[in-house]
Asker: 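Before I ask anything, here is the structure I am working with.
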Amino acid sequence: MNTPALFNPERPATPAVAGPRPAPFVIALPVGLDLINSNQRMHEKARARLTKKIRAAAFEAVSECPSLMDALAAAKPGVLFRRAHILGVLNPSTYGRRRDPANWYPSFKAAVDGLVDAGLFEDDDHTRVIGPDMRLGRVVKGGQIVLVVQGLEPGEDPLGYQAVTS
């Protein structure tokens, strides 16, 4: 049974705010990269080794993207985004099973750290990064994660959320 993908990173949702907005950057990690699922019980050294590989793969994916490298070169303060929203898309390796994309959070976190290493963000704390919001994508033989990074204006939230300040 072919179930349609719940999210297609090539056609992100329409932004919640009006006005022109630069296109998001779509950063695809290599197909078949070993990922970490929060349900896995693995030795801390094995987990650290996989985390390092995912982080390096994200860094490399940025360095292999000409449009990102051009944007980084043009960035004045040395980082590309002061604030951004990250959508994390899990492209599973097969159909036929229910999946919880949030279980791959350790993989998404390692990939976001790779984006910090590449200079997209100064840090990935809550003042600079919203997300990663995880979604299920299309089936890709071998599996894959994709990060969709959309720049935000100061105080802007992709869903229009207003934080309560007192």
Asker: Shared ILVMFWY cluster between F59 and L33, side chains joined below 4.5 angstrom?
Answerer: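 Unlinked, F59 and L33 end up in two clusters.
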
Asker: Using 0.5 Å steps for rounding, measure from the CD1 atom of I36 to the CZ atom of F108.
Answerer: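 Here the rounded value is 12.0 Å.
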
Asker: Is the closest side-chain heavy-atom distance between T94 and R99 below 4.5 Å?
Answerer: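 Yes, side chains in contact.
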
Asker: Which atom names give the shortest non-hydrogen contact between G137 and P92, and what distance separates them?
Answerer: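 Closest heavy-atom pair between G137 and P92: O-CD, 3.8 Å.
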
Asker: Check A111 against I145 and note the closest heavy-atom contact, atom names and distance.
Answerer: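 Minimum heavy-atom contact is CB-CD1, 4.2 Å.
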
Asker: Using residues 47-56 as the side-chain source, report each donor-acceptor pair under 3.5 Å to any protein atom, sequence neighbours left out, with the distance given to one decimal.
Answerer:
from : atom 1 : to   : atom 2 : distance (Å)
T51  : OG1    : R47  : O      : 2.8
R55  : NE     : D117 : OD2    : 2.6
R55  : NH2    : D117 : OD1    : 3.0

Asker: Would the distance check show the side chain of Q144 and the main-chain N or O of L29 forming a donor-acceptor pair, the cut-off being under 3.5 Å?
Answerer: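 Answer holds: yes.
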
Asker: Whether D113 and K109 form a salt bridge (side-chain N of Lys/Arg under 4.0 Å from carboxylate O of Asp/Glu) is what I want to check.
Answerer: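 So K109 pairs with D113 through a salt bridge.
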
Asker: Apply the test side chain to side chain contact (heavy atoms under 4.5 Å, CB included) to residues L87 and Q150: give CA-CA distance (whole Å), side-chain angles for both, the deciding distance (0.1 Å), then the verdict.
Answerer: CA-CA 8 Å; L87 182 71; Q150 176 68 62; over 6 Å; no

Asker: Please list, chain by chain and in numerical order, all residues satisfying ring-ring contact (aromatic ring centres under 6.0 Å, His included) with F121, sequence neighbours excluded.
Answerer: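 So F121 forms a ring-ring contact (aromatic ring centres under 6.0 Å, His included) with F81.
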
Asker: Side-chain heavy atoms under 4.5 angstrom apart, residues restricted to Ile, Leu, Val, Met, Phe, Trp, Tyr: same cluster for V140 and I27?
Answerer: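 V140 and I27: separate clusters.
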
Asker: Provide the closest heavy-atom pair for V112 versus P132 in the form atom of the first, atom of the second, distance.
Answerer: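 Minimum heavy-atom contact is CG2-CG, 4.2 Å.
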
Asker: Write down the atom of G143, the atom of S93, and the distance for their closest heavy-atom approach.
Answerer: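 That would be N-CB, 3.6 Å.
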
Asker: Between V62 and V31, is there shared hydrophobic-cluster membership here, with clusters defined by ILVMFWY side-chain heavy atoms closer than 4.5 Å?
Answerer: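 No.
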
Asker: Go through L90 and L35 one step at a time and tell me if the side chain to side chain contact (heavy atoms under 4.5 Å, CB included) criterion holds.
Answerer: CA-CA 10 Å; L90 170 68; L35 301 176; 4.3 Å; yes

Asker: Between R83 (side chain) and E156 (backbone), is there a donor-acceptor pair under 3.5 Å?
Answerer: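 Judged by distance alone, yes, a pair lies under 3.5 Å.
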
Asker: Of all heavy-atom pairs between L72 and G119, which one has the smallest distance, and what is that distance?
Answerer: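 Here L72 and G119 meet closest at CD2-O, 3.3 Å.
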
Asker: Once rounded to the nearest 0.5 Å, what's the spacing between atom CG of N37 and atom CG of N103?
Answerer: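 So the gap between those two atoms works out to 5.0 Å.
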
Asker: Closest heavy-atom contact between A58 and G114?
Answerer: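 Nearest pair, atom of A58 first, then G114: CB-CA, 4.0 Å.
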
Asker: Is there a path of hydrophobic side-chain contacts, each under 4.5 Å between heavy atoms, that joins L147 and M69?
Answerer: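 Same hydrophobic cluster.
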
Asker: Applying side chain to side chain contact (heavy atoms under 4.5 Å, CB included), run through M134 and W104 and close with a yes or a no.
Answerer: CA-CA 8 Å; M134 281 90 47; W104 276 267; 6.0 Å; no

Asker: If only atom types and distance count, is the side chain of N91 paired as donor or acceptor with the main-chain N or O of R138 below 3.5 Å?
Answerer: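 Yes; judged by distance alone, with no hydrogens or angles, the pair exists.
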
